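Worksheet: one structure, shown below.
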Amino acid sequence: MPGLPLPDPAGLPAPIWLLKFLSVFTLTLHLLAMNLLVGGTILMAISLHRGKTDPVSQRLFERLARGLPVTMSLTITLGVAPLLFVQLIYGQAFYTSSVLMAWPWLMVIPLVMLAYYGLYACQFRPAWLGKYLHAIAWLSALLILVVGFLFSNNWTLMLAPRTWHALYNAGISGLHLNAGDSSLIPRYLHFMIGGLAVAGLGVLLLGRAVRKEDAEMAERMEQIGRRWFLMATGIQVIVGFWFLFALPQMVRRFFIGGNMVDSGVLAAGILLAFVAMAIVRRAPGVAALLTGSTVFLMVVARHRLRQILLTPALKINEQVVHPQWALLVLFVVLLLAGLAVVAWMVFAFVRAGRVRPDAPQGG
């Protein structure tokens, strides 16, 4: 296997176990917001289409359009920390794959900006967009899906050191994608379909929150959200097995009995997903907690997959550590403060939706 670039001589600023924990924790938060964004944008576009003949779907579109720009903001903000931890722990692999697909990777920023503007236009300027409103809603959803595809390309390419030299020798254009990886498509679909499941659950819970103010709307939201959650979760389990068996056999065996911890984490995640499906009608709040736990366990499994695929090329547990405790404490304090602000924002948004369910759109 080709060697990786030399590690940063400055070393790691904290023990590797702590960096791993923070990486998993912050990525879990980011993925929960990202799932709400991906699935919510698709559900918004579908509701807008159905709103032509269904007034309740039109009102659901308005509610989703009101919340998605905030969700996009949370997704971006919560994505900064896990991206920094990837660069810190796996920088030798991450920077190499990023250079190989430099131009598509750089396109992430303008694509996110365009999708962001599209969501704001759907919220504040629906009348101004007129007949183009449907196109903008679907375009925003498409752009977000494209961004997810580019991320999946980079995350899989950084785990394939054997392909780097061949791609570089084939051309230095910076246009290489990881199209030859059999796990790319199921990995990508696993994350995107999961977005529909989490967003469906979010719509269900939002329906519960507005039951007193708008009973008809609440009932429809619960029905729609529950249907999308059950359907997407069931499909996601199938795609998850596709993803598992698309991995090399020597990697796959860790998760199907070769390593009891890895196998147990994967099995627990699948079990919690099934339990959430079984109880979502009676106890959606508990189903939400189980779904969040499932996302956490899948992030742990994803972290282990990354380590397995990069060993022995990158032995992260053997990297030099030069602790910078003052900076680490500052990071943790700011992280907790930021999460408290996010929690307050979400509470304020839900409360505003209950108090003013039919608030007029701006502009």
Side-chain angles (χ1 to χ4, degrees), residues 8 10 12-41 67-99 101-102 104-117 119-120 140 143-159 191-192 194-195 198 292 295-296 298-300 302-303 306 316 324-346 349:
D8 188 338
L12 299 176
I16 187 63
W17 65 266
L18 182 56
L19 295 178
K20 289 179 181 179
F21 169 77
L22 290 173
S23 176
V24 169
F25 175 68
T26 56
L27 181 58
T28 301
L29 297 177
H30 167 67
L31 287 182
L32 289 172
M34 182 274 288
N35 284 335
L36 288 171
L37 174 66
V38 172
T41 308
L68 283 171
V70 177
T71 307
M72 170 75 93
S73 165
L74 293 178
T75 301
I76 295 171
T77 303
L78 293 173
V80 173
L83 182 60
L84 291 176
F85 283 120
V86 167
Q87 297 175 49
L88 184 63
I89 301 173
Y90 305 99
Q92 298 153 265
F94 172 76
Y95 288 120
T96 303
S97 60
S98 297
V99 168
M101 58 170 294
W105 187 239
L106 289 173
M107 285 300 296
V108 164
I109 296 176
L111 291 176
V112 167
M113 292 176 64
L114 288 173
Y116 212 162
Y117 277 118
L119 293 179
Y120 268 115
S140 297
L143 291 175
I144 291 171
L145 291 173
V146 170
V147 169
F149 183 68
L150 294 178
F151 267 88
S152 292
N153 267 274
N154 204 351
W155 299 148
T156 54
L157 184 57
M158 70 173 279
L159 302 180
F191 281 95
M192 297 302 104
V198 174
V295 172
F296 172 77
M298 291 306 171
V299 171
V300 173
R302 181 177 181 266
H303 175 78
R306 183 178 287 165
I316 61 174
Q324 300 178 36
W325 294 113
L327 291 178
L328 184 63
V329 170
L330 179 61
F331 168 79
V332 172
V333 170
L334 293 176
L335 175 64
L336 294 176
L339 292 178
V341 172
V342 168
W344 175 81
M345 288 172 57
V346 172
F349 174 78

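This chain uses plain numbering: 1 for the first residue, then up along the sequence. These figures come from a predicted structure and were not determined experimentally. Both backbone and side-chain heavy atoms feed into the values below; hydrogens, waters and symmetry mates do not.
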V80 and L84: CA distance, side-chain angles, deciding distance, side chain to side chain contact (heavy atoms under 4.5 Å, CB included) verdict: CA-CA 6 Å; V80 173; L84 291 176; 3.9 Å; yes
L27 and R302: CA distance, side-chain angles, deciding distance, side chain to side chain contact (heavy atoms under 4.5 Å, CB included) verdict: CA-CA 11 Å; L27 181 58; R302 181 177 181 266; 3.0 Å; yes
Intermediate values then yes/no, side chain to side chain contact (heavy atoms under 4.5 Å, CB included), L29 and F25: CA-CA 7 Å; L29 297 177; F25 175 68; 3.9 Å; yes
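Here T26 contributes atom OG1 and L78 contributes atom CG; the two are 9.0 Å apart, rounded to the nearest 0.5 Å. Atom CD1 of I316 is separated from atom CD of Q92 by 10.5 Å, given to the nearest 0.5 angstrom. Between L114 atom CG and M107 atom CE the span is 8.0 Å, to the nearest 0.5 Å. From L157, atom CG reaches atom CZ of F94 across 11.0 Å, with rounding to the nearest 0.5 Å. From L336, atom CG reaches atom CZ of F331 across 9.0 Å, with rounding to the nearest 0.5 Å. The distance from atom CD1 of I144 to atom CE of M34, rounded to the nearest 0.5 Å, is 10.5 Å.
Residues forming a side chain to side chain donor-acceptor pair (under 3.5 Å) with S98 (at least two apart in sequence, or on another chain): N154. Partners of L145 according to the side chain to side chain contact (heavy atoms under 4.5 Å, CB included) rule, which considers only residues two or more places apart in sequence or in another chain, are V38, I42, Y188, M192. With sequence neighbours left out, the side chain to side chain contact (heavy atoms under 4.5 Å, CB included) criterion links N35 to V198, V295. Applying the side chain to side chain contact (heavy atoms under 4.5 Å, CB included) test to V108 and every residue at least two apart in sequence or in another chain returns W105, V112, V147, L150, F151.
The nearest pair of heavy atoms linking L119 to P69 is O-CG, 3.9 Å. Taking every heavy atom of both residues into account, M158 and A93 meet most closely at O-CB, 3.4 Å.
Other residues, nucleotides and ligands contribute only 12 or fewer heavy atoms inside 6.0 Å of the CD1 atom of I109. Around the OH atom of Y90, the shell of radius 6.0 Å holds more than 12 heavy atoms that belong to other residues, nucleotides or ligands.
Contact check for V86 versus R306: side-chain heavy atoms found under the 4.5 Å cut-off.
The list of side-chain hydrogen bond (donor to acceptor under 3.5 Å, both in side chains) pairs with a residue in residues 69-87, not counting sequence neighbours, reads Q87-Y95.
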Using residues 13-24 as the side-chain source, report each donor-acceptor pair under 3.5 Å to any protein atom, sequence neighbours left out, with the distance given to one decimal.
residue, atom, partner, partner atom, Å
K20, NZ, N317, OD1, 2.7

